[in-house]
Asker: 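Please see the structure below; I have some questions.
Here the structure is a predicted model, which is why all the values come from computation and not from measurement. Quick note: numbers below take in every heavy atom, side chains included, and nothing from hydrogens, waters or symmetry partners. Chain identifiers are assigned alphabetically (A, B, ...) following the order of the sequence lines, protein sequences preceding nucleic acid strands; residue numbering begins at 1 within each chain.
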2 protein chains.
Amino acid sequence: MVATLKDVAERAGVSRSAVSRAFTDGASVSAKMRKRVEKAASELGFSPNVLASSLTTGRTKLIGLVSNNFHNPIFLEVFDLFTRALQDQGLRPLLVNLTDETDPANSVRMLRQYSVDGVVVASSTLPPAFGKAFRDSGVPVVHAFGRVTSAPEVHVVGIDNIDAGRIAAQTLIARGYRHVAFMGGPEVATSTQDRLKGFLQELSLHPQIRVSMSFARAYSFEAGRAEMQDLLWRDHAEAYFCGDDVLSIGALSAIQDRQLSVPEDIGIIGLNDMEIAGWHNINLTTIRQPIKEIVTSSIELITAMLREPARLPEARIFACQIVERGTLRPINTTAVT
Amino acid sequence: MVATLKDVAERAGVSRSAVSRAFTDGASVSAKMRKRVEKAASELGFSPNVLASSLTTGRTKLIGLVSNNFHNPIFLEVFDLFTRALQDQGLRPLLVNLTDETDPANSVRMLRQYSVDGVVVASSTLPPAFGKAFRDSGVPVVHAFGRVTSAPEVHVVGIDNIDAGRIAAQTLIARGYRHVAFMGGPEVATSTQDRLKGFLQELSLHPQIRVSMSFARAYSFEAGRAEMQDLLWRDHAEAYFCGDDVLSIGALSAIQDRQLSVPEDIGIIGLNDMEIAGWHNINLTTIRQPIKEIVTSSIELITAMLREPARLPEARIFACQIVERGTLRPINTTAVT
DNA sequence: ATATTTTTTGCAACCGATTGCAATCGCTTC
DNA sequence: GAAGCGATTGCAATCGGTTGCAAAAAATAT
């Protein structure tokens with residue numbers, strides 16, 4: 001059906017090795033040989049089978065793109081960036097959806113069957129066990145949006161969630177709120193824990209500010225909405241730092257339903273700065289996670305690992321910045337004491 | 001590094017063929033042989049290399065998942081469904097981002113290098129040339145969310161956009177609007193043309209209703225917003241059928257900015273019913289595109305093609321249903337004449 | 001002109017699996 | 001106990017490439 005190396009060799013009247021070399025740069029081929037081979041190849045519409053060559057070279061140029069975040073719109077942006085960046089490097093993303101997978105061993109087996117050259121785990125909620133399992137099986141791994149620690153077991157690139165919590169607290173403090181709260185995602189997620197930690201840490205410097213906390217059952221709109229509905233029944237705070245943007249928007253919807261206004265009655269600050277947060281009818285004040293930089297850096301690390309597999313695990317941390325929009329009162333308004 | 005078939009064969013003291021057969025079901029192996037091989041295999045942590053076997057079997061179990069819709073949130077839902085459905089069939093999605101690719105030949109070459117077993121094009125805006133190019137190169141193709149015609153050149157599964165336009169018109173008519181409008185995506189997209197066609201077709205039966213139309217420069221929030229801002233300066237209609245949900249939300253934001261209220265002053269109906277449309281602070285009335293059914297059906301077709309490559313191209317059309325939410329006035333309210 | 005060095009090319013083995021064919025095995029039957 | 005038979009197993013070729021090595025060709029030196 002489709003032309004193979006052998007067909008090209010025959011048509012050009014040269015050996016198969018010659019053809020192979022004509023297609024690998026850096027190989028020892030004369031200019032006229034290359035020309036000749038290329039002619040035959042284009043006549044036959046030949047292009048070498050990466051998978052066959054992977055057998056001898058050991059490289060498939062396949063990168064496992066592993067995630068379980070198929071419900072958070074920001075991950076569409078992440079996938080867009082990853083696929084394009086990989087394509088630019090001549091690599092191909094093999095997409096793996098781990099939404100209802102709990103056993104790392106399965107994923108490892110699967111990715112090994114396809115002998116991927118590397119794996120990038122793109123998730124803020126996937127347990128570190130997955131990353132480790134990949135690494136243990138000898139595949140280069142980078143965990144994007146993972147938990148950064150001082151002694152990473154695999155490459156990690158992301159933000160400092162503790163610091164993000166701190167920034168959120170500072171932001172709320174600077175705006176004079178006297179009763180603030182943390183509304184996190186599921187308590188088990190390490191990102192949730194870290195953000196809370198930073199938040200509380202900073203607030204402990206301001207003992208006069210009242211602080212409370214609660215946790216939504218998922219990082220989703222409905223969960224955020226339900227949680228805020230609950231809170232509104234009880235004694236609600238003046239401002240909330242929500243686990244992420246989706247959660248924030250859910251909370252906003254609950255607030256609006258109760259005819260309360262934002263930011264006058266209640267302030268909200270999210271985290272991520274997904275595209276939707278900037279939509280004018282959402283207009284969410286949020287802490288921006290620099291996803292472009294995180295993706296670029298992750299790709300950089302994975303390609304570095306391909307060149308130098310023994311490279312030691314490294315953590316790359318990016319700073320977050322607050323993006324002011326309309327869900328927090330302005331900084332010059334101070335609360336009446 | 002990782003165990004191969006040969007290692008297992010040596011360890012079990014059998015031939016390589018025996019090992020191979022032990023791992024392919026339907027092969028001629030005795031029970032005790034299989035047991036013996038499996039023991040050795042599990043001791044070595046062996047699992048067969050799909051890529052190597054693809055050389056002889058001609059199947060990689062790789063499916064190219066090709067799209068250029070990496071900015072429409074509904075496609076995250078689509079990717080989620082596709083990846084899971086493919087995984088359930090033991091197939092692997094090789095993700096291809098065609099956002100800034102214009103030449104089908106490049107994509108074809110790329111996918112052939114990886115000898116994918118099939119390609120699913122998931123896009124409502126990608127020119128049909130891509131689908132055809134894949135088919136011409138001998139790869140099974142199904143175009144999901146593509147334009148359905150009576151004489152499809154490749155398998156297509158999607159909705160009848162003309163009918164969707166018609167439904168939109170009927171919906172607006174039933175609610176007594178006297179001046180309705182179509183606000184499409186880019187005029188070149190066939191989906192836009194078809195939706196407009198159906199819309200006008202239906203309205204031509206009601207000559208007393210005034211109808212106008214315009215086109216946003218992209219299927220995006222900003223484009224929808226900008227277009228509606230323009231429209232509001234001029235003579236705006238009572239209700240708009242927007243090209244899709246994202247466009248609709250952009251339009252909504254412009255309307256809200258002008259202190260006009262929805263659905264009292266202006267009605268909006270979208271198309272897609274992406275998750276966000278149901279968020280309570282958006283609450284968009286829209287025409288639901290049955291993405292789950294489209295995905296399932298696409299996968300069905302692609303696997304059918306794997307079994308029977310000569311199968312003739314087929315079009316599968318799903319009906320759309322309107323999802324009532326809050327951006328259109330209720331059906332019993334008739335306009336004052 | 002020949003001798004020497006450097007490039008280019010082809011041969012053949014190999015990557016990790018599958019598979020047609022023939023040899024072998026275990027049983028049944030006479 | 002020998003013949004006959006179907007079910008297993010191993011041999012060896014093959015899939016589409018790559019690559020070490022040695023032979024051939026070209027370039028350079030003498």
Asker: Find the distance A:R16:CZ to C:dC15:C1' and express it as a whole number of Å.
Answerer: 13 Å
Asker: On DNA chain D, does the nearest nucleotide to A:S17 precede the nearest nucleotide to B:S30 from the 5' side, or the other way round? Give the residue.
Answerer: B:S30
Asker: Within the 4.0 Å heavy-atom criterion, would you say B:V50 contacts the bases, only the backbone, or no part of the nucleic acid?
Answerer: nothing
Asker: Look at the side-chain N and O atoms of A:S20 and state whether any lies under 4.0 Å from the OP1 or OP2 oxygen of D:dT18.
Answerer: yes
Asker: Could you tell me how far apart A:N49 (CG) and D:dG17 (P) are, to the nearest whole angstrom?
Answerer: 5 Å
Asker: Let me know the distance between CZ of A:R59 and C1' of D:dG17, rounded to the nearest Å.
Answerer: 17 Å
Asker: Name the residue closer to the 5' end of DNA chain C, choosing between A:A52 and A:R21 according to the nucleotide with the nearest heavy atom.
Answerer: A:R21
Asker: Would A:R84 and A:D80 pass as an ion pair if we require N to O under 4.0 Å?
Answerer: yes
Asker: Within the structure shown, what part of the strands sits under 4.0 Å from B:V19 by heavy-atom distance: base, sugar-phosphate, or nothing?
Answerer: nothing
Asker: Taking atom P of C:dT8 as reference, at what distance in whole Å does atom NZ of A:K35 sit?
Answerer: 15 Å
Asker: Would you write out the dot-bracket form of DNA chain C, 5' to 3', with Watson-Crick and G-U pairs under 3.5 Å, [ ] for crossing pairs, | for pairs to other strands and . for unpaired bases?
Answerer: ||||||||||||||||||||||||||||||
Asker: Have a look at A:F23 and say if it touches a base, only the backbone sugar-phosphate, or nothing, with a 4.0 Å heavy-atom cut-off.
Answerer: nothing
Asker: If you find the nucleotide of DNA chain D closest to A:A3 and the one closest to A:K32, which residue's nucleotide is nearer the 5' end?
Answerer: A:A3
Asker: Closest approach to the side chain of A:T4, judged atom by atom: which nucleotide of D:dG16, C:dG16, D:dT9 is it?
Answerer: D:dG16
Asker: Under 4.0 Å between any heavy atoms, over every strand shown, what does A:S53 touch: base, sugar-phosphate, or nothing? Just pick one.
Answerer: sugar-phosphate
Asker: Within the distance-only criterion (no hydrogens, no angle test), does the side chain of A:T60 pair as donor or acceptor with the backbone N or O of A:S115 below 3.5 angstrom?
Answerer: yes
Asker: Take atom CZ of A:R34 and atom P of C:dT9, then tell me their distance rounded to the nearest Å.
Answerer: 10 Å
Asker: Check for a donor-acceptor pair, side chain of B:D117 on one end and backbone N or O of B:I63 on the other, with a separation under 3.5 Å.
Answerer: no
Asker: Got a donor-acceptor contact below 3.5 angstrom from the A:N272 side chain to the A:Q289 backbone?
Answerer: no
Asker: Would you say A:S15 reaches C:dG10's phosphate, i.e. side-chain N/O to OP1/OP2 under 4.0 Å?
Answerer: yes
Asker: May I ask you to verify if any side-chain N or O of A:T56 is less than 4.0 angstrom from the OP1 or OP2 atom of C:dC15?
Answerer: no
Asker: Starting at CZ of B:R112 and ending at P of D:dG16, how long is that distance when rounded to a whole Å?
Answerer: 12 Å
Asker: Heavy-atom count check: over 12 atoms from other residues, nucleotides or ligands less than 6.0 Å from B:D25 CG?
Answerer: no
Asker: Nearest-Å distance, CG (A:L55) to P (D:dG17)?
Answerer: 11 Å
Asker: What's the NZ-P distance between B:K6 and C:dT18, to the nearest Å?
Answerer: 16 Å
Asker: Taking the side chain from A:H155 and the backbone from A:A144, do they hold a donor-acceptor pair closer than 3.5 Å?
Answerer: no
Asker: Do any N or O atoms from the side chain of A:R34 and from the backbone of A:A22 form a donor-acceptor pair under 3.5 angstrom?
Answerer: yes
Asker: Remember a base hit wins even if backbone is also touched, and classify B:S54 as base, sugar-phosphate or nothing at under 4.0 Å, heavy atoms.
Answerer: nothing
Asker: Quick one: does any side-chain atom of A:E101 pair with a main-chain N or O of A:S107 as donor and acceptor, under 3.5 Å?
Answerer: no
